[in-house]
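Each remark here refers to the structure printed beneath this line.
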Amino acid sequence: MAQIIDGKKISAAVRGEIAKETKQFVDEHGFAPGLTVIIVGEDPASQVYVRNKKRACEEVGFASRVIEMHEQTTEEELLSVIDGLVKDDMVHGILVQLPLPKHISEEAVLRAIPPHKDVDAFHAENVGKIMIGNFEFLPCTPAGVMELLKYEGVDPAGKECVVVGRSNIVGKPMAMLLLHANGTVTICHSRTRNLAEVTRRADILVVAVGRANFITADMVKPGAVVIDVGMNRNAEGKLCGDVDFAAVESVASMITPVPGGVGPMTITMLLKNTLTAAKSFAARKK
Ligand code: NDP
């Protein structure tokens, strides 16, 4: 039976460290790290994510704010709000919750958040830095996965690492971080031939596809470390990942559950990025 990687426990430990560092930061500088999250429209899933982010910020002692804008907000209006936040010295991180309504260009919005306040690490400059390996912010979900591996003592160096999914938010940066950690990395996607053959080579298998029960036991090498990024609803409306957990658990050596695996780490990494942004701001002001 695989060891379950407890994302909640690891996340709580990392958040404890962040809270301690935040207290020191406030004592030294007289202000708290500030994160502002903008949400446009009423997507229920986005509202839950934003609420969780705000609560997590408050728990570690950040100054957090949520700006709610209505569905019909124009791109110009949104860009103008972002511009105000860019100029506000007490806002160190700006996050626009995605997806945005169709009439607003996601690219234009992400470009409007300057790299030093881009705590999601979606700006092209931050993406480029991740490629080079000289980064300040890491995209939250892949960074969370790396933190889980580190905490469990799993070193990707020299290992076969297979990432299923190639999105800009998860798959691609995930592959880059594993590569920086000296893994031998393969990225799979919907056009990959013989997917099971490739996934069965993995010592570390990271799955970010968005389909319940997509990875079955026969696709996993015995003893592999399996990280499930997926967040789906099954037929009963229950949250589940991309991996057939019940079956794969008996093949893998370690596995993340959904919920309670990668999910909690994503917000934790957002907190870490915001603290980093506040520290950089304080250093620039000296
Ligand atoms: P995207 O839909 O952007 O990407 C999905 C990827 O899966 C694509 O690269 C796609 O390939 C690939 N894919 C689809 N079908 C197949 C297939 N049959 N075989 C192989 N690959 C396939 O999703 P995201 O990366 O944004 O998210 C993935 C999952 O992770 C979702 O469930 C999402 O909810 C979850 N998620 C969880 C987070 C967390 O905090 N835990 C954070 C972010 C996402 P192609 O490019 O060829 O289309």
Side-chain angles (χ1 to χ4, degrees), residues 4-8 10-11 14-15 37 43-53 55-56 95-100 106-107 110 119-122 127 130 137-149 161-178 185-202 205-216 218-220 226-235 237-245 255-273:
I4 311 289
I5 300 179
D6 187 343
K8 270 196 206 155
I10 300 170
S11 180
V14 180
R15 287 187 198 190
V37 180
D43 177 58
S46 292
Q47 285 178 331
V48 173
Y49 296 144
V50 168
R51 259 204 312 276
N52 289 344
K53 285 169 186 170
R55 194 182 322 126
L95 185 155
V96 177
Q97 186 65 42
L98 301 178
L100 286 166
E106 213 169 272
E107 203 199 320
L110 296 182
V119 284
D120 252 340
F122 290 166
V127 174
I130 291 157
F137 303 132
L138 290 175
C140 300
T141 302
V145 172
M146 295 308 285
E147 196 76 23
L148 288 177
L149 293 176
C161 304
V162 174
V163 179
V164 190
R166 58 172 164 180
S167 69
N168 289 332
I169 295 173
V170 188
K172 283 186 209 162
M174 186 69 251
M176 268 305 132
L177 298 190
L178 288 165
V185 184
T186 306
I187 308 176
C188 301
H189 44 79
S190 66
R191 308 284 284 274
T192 298
R193 277 191 228 146
N194 303 324
L195 180 67
E197 235 171 65
V198 184
T199 56
R200 266 199 303 270
R201 289 206 304 260
L205 177 62
V206 183
V207 191
V209 171
R211 285 209 213 168
N213 292 332
F214 182 75
I215 297 289
T216 46
D218 59 311
M219 298 169 82
V220 177
V226 179
I227 306 289
D228 189 352
V229 179
M231 285 211 287
N232 315 293
R233 297 270 164 201
N234 66 13
K238 249 182 77 185
L239 194 63
C240 64
D242 289 345
V243 175
D244 180 356
F245 184 88
I255 188 167
T256 57
V258 178
V262 175
M265 291 305 286
T266 297
I267 295 185
T268 301
M269 294 299 115
L270 173 68
L271 300 174
K272 202 167 176 180
N273 283 347

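None of these values were measured; they are calculated from a predicted model. Counting starts at 1 for both ligands and their atoms, in listed order. The figures here come from the full heavy-atom set of this structure, side chains too, leaving out hydrogens, waters and symmetry mates.
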Check ligand 1 against [X] and write out every atom of the ligand that is under 4.0 Å from a heavy-atom position of the residue.
X	answer
G165	6 (C), 7 (O), 9 (O)
T266	39 (C), 40 (O)
V170	25 (O), 43 (C), 44 (C)
N232	32 (O)

Checking a contact table here: which protein heavy atom is nearest [atom], and how many Å away?
atom	value
atom 36 (N) of ligand 1	V229 O, 3.7 Å
atom 21 (N) of ligand 1	H189 C, 3.1 Å
atom 15 (N) of ligand 1	R211 NH2, 3.5 Å
atom 19 (N) of ligand 1	F214 CZ, 3.3 Å
atom 31 (C) of ligand 1	G210 CA, 3.6 Å
atom 46 (O) of ligand 1	R166 NE, 2.8 Å
atom 7 (O) of ligand 1	V209 CA, 3.5 Å

Quick one: does [X] get a heavy atom under 4.0 Å from ligand 1?
X	value
C188	no
T141	yes
T192	no
M265	no
A208	yes

Sequence neighbours left out, what passes side chain to side chain donor-acceptor pair (under 3.5 Å) with T141? Give chain and number order. T266
Test your reading of the structure: does [X] have an N or O sitting under 3.5 Å from an N or O of ligand 1?
X	value
S167	yes
S190	yes
M231	yes

Which atoms form the tightest heavy-atom contact between [X] and [Y], and what is the distance?
X	Y	result
P139	P173	CG-CB, 3.4 Å
N273	L138	ND2-O, 2.9 Å
L195	M219	CD2-CE, 3.7 Å
D43	S46	OD2-OG, 2.8 Å
D228	G241	OD2-CA, 3.2 Å
L177	A143	CD1-N, 3.9 Å

Less than 4.5 Å apart, any side-chain heavy atom of [X] and any of [Y]?
X	Y	answer
V127	F122	no
M265	R15	no
I215	D244	no

If we ignore hydrogens and angles and just use 3.5 Å, is the side chain of D242 paired with the main-chain N or O of F214 as donor and acceptor? no
Would K238 and N234 count as having a side-chain donor-acceptor pair, cut-off 3.5 Å? no
